[in-house]
Number of protein chains: 2
Amino acid sequence: MTPRSSDLLPDAPAAPKNVRPVGLDDVDRRILTALHADARMSNSALADLVGIAASTCHGRVRRLQEMGVIRGFYADIDPAAIGLSLQAMISVSLQSSARGKIDQFIQNIRRRPQVMDVYFLAGNDDFILHVAARDTDDLRSFVVQYLNADADVAGTQTSLIFEHLRGASPL
Amino acid sequence: MTPRSSDLLPDAPAAPKNVRPVGLDDVDRRILTALHADARMSNSALADLVGIAASTCHGRVRRLQEMGVIRGFYADIDPAAIGLSLQAMISVSLQSSARGKIDQFIQNIRRRPQVMDVYFLAGNDDFILHVAARDTDDLRSFVVQYLNADADVAGTQTSLIFEHLRGASPL
DNA sequence: ACTGAAACTGTTAGCTA
DNA sequence: TAGCTAACAGTTTCAGT
């Protein structure tokens, strides 16, 4: 069994209480779960679903946005449907001399239309790029032109993506 | 100048026409760009933005959904704001004997609340998991319990994510 | 936090080019 | 066929309770 903190540190805080910034209640979590799955659900349908009045629900959603819990509402576009039929993950490591420029490098590469996500990492690689390209030529020229041609880039490793699935719900 | 097809292949289709399934025009692309950035923009604001009547715009958006170009509308929840303060990328490789079970494996792991994205790969690793965990213990127990403990998993490599940025726009 | 009324928006039908 | 105008249904939003 895990030792109780009182056995070790008599003056530690009595109970962990709520760790979170302001605290989300169960209704907030149900709202987030619903909007995570369908951001265009009408406010009245959402209110019914979570069991509160529409006006209250609307206020909750706005508060969640103001708190930064909801960062935004996005349409999920199928890359293949707009002619980007090839997706890949590209691990990139930079020269150690270029570490100070990572921010600038990422802000720059992020503008390319092929880039869908940038994951800025601690580890062997400096970041991973999730990209979507029209075809193999487009992918290759992206890697060559924007990554390998840059003297700050030490190396890249590209893996094709067969399928990308979103997680079910973080709550 | 590009040779005309009649010079080369008299019986080939006259002109390349539209290569895409049905074809998206410029208005469609502007709609997609706008909704990619803000899925909750009102239909009338969107119509004004792209320069068509609200009813026309509404029909376009519905058609884009029916065509599968728009796969859905999702709220972007900040994992840190709901107590998942640690994000990581986990590369997973399976035993070659387990390759036939990948689909099942992924469908299973995808249900875990920590899993935000699953990228199913061609390459050295079989897939990459983008996960969000409460803390290091939560992350470690996820890796140990759901990955390393499984006999089908040959190996995993975990890298912490410092920052995750979405791409600007695929169009 | 809820109720109800006012303002607004989304949605459909029918007409026009 | 694609777009527009106009009318209706439904939703958001803000009082007051």
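Labels below follow one simple rule: chain letters A, B, ... track the order of the sequence lines, proteins then strands, and each chain is numbered from 1. Only a predicted model underlies this, so the values are computations on that prediction, with no experimental measurement involved.
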Whole angstrom value for the distance that separates P of dG10(C) from CG of D48(B): 11 Å

Under 3.5 Å, is there an N or O donor on one side and an acceptor on the other linking the side chain of S44(A) and the base of dT12(D)? no

Is the shortest side-chain N/O distance from N43(B) to OP1 or OP2 of dT9(C) below 4.0 Å? no

Could you give the CD1-to-C1' distance, from I52(B) to dT16(C), as a whole number of Å? 17 Å

Rounded to the nearest 0.5 Å, what separates atom CD in Q95(B) from atom CG in D150(B)? 9.5 Å

Does any part of the side chain of L84(B), heavy atoms only, come nearer than 4.5 Å to the side chain of Q114(B), both counted from C-beta? no

Give the rounded distance in Å between these two atoms: CD1 of I31(B) and P of dA2(D). 13 Å

Rounded to the nearest Å, what distance is computed from the CD atom of residue Q65(B) to the P atom of nucleotide dG10(C)? 14 Å

Can you tell me if the side-chain N/O atoms of R60(B) get under 4.0 Å from OP1 or OP2 in dG3(D)? yes

Side-chain contact, heavy-atom cut-off 4.5 Å: Y119(B) with D117(A)? yes

Whole-Å distance separating the CG atom of D25(B) from the P atom of dG3(D): 7 Å

Quick one: is dT12(D) close enough that its OP1 or OP2 comes under 4.0 Å of any side-chain N or O from R62(A)? no

If you count every heavy atom of other residues, nucleotides or ligands that lies below 6.0 Å from Q104(B) atom CD, does the total exceed 12? no

Indicate, with a heavy-atom threshold strictly under 4.0 Å, whether R40(A) touches base, sugar-phosphate, or nothing. nothing

Is there a side-chain polar atom (N or O) of H58(B) under 4.0 Å from OP1 or OP2 of dG10(C)? no

Tell me whether the side-chain N/O atoms of S55(B) come closer than 4.0 Å to OP1 or OP2 in dC4(D). no

What is the separation between atom CG on L46(A) and atom C1' on dG10(D), rounded to the nearest whole Å? 16 Å

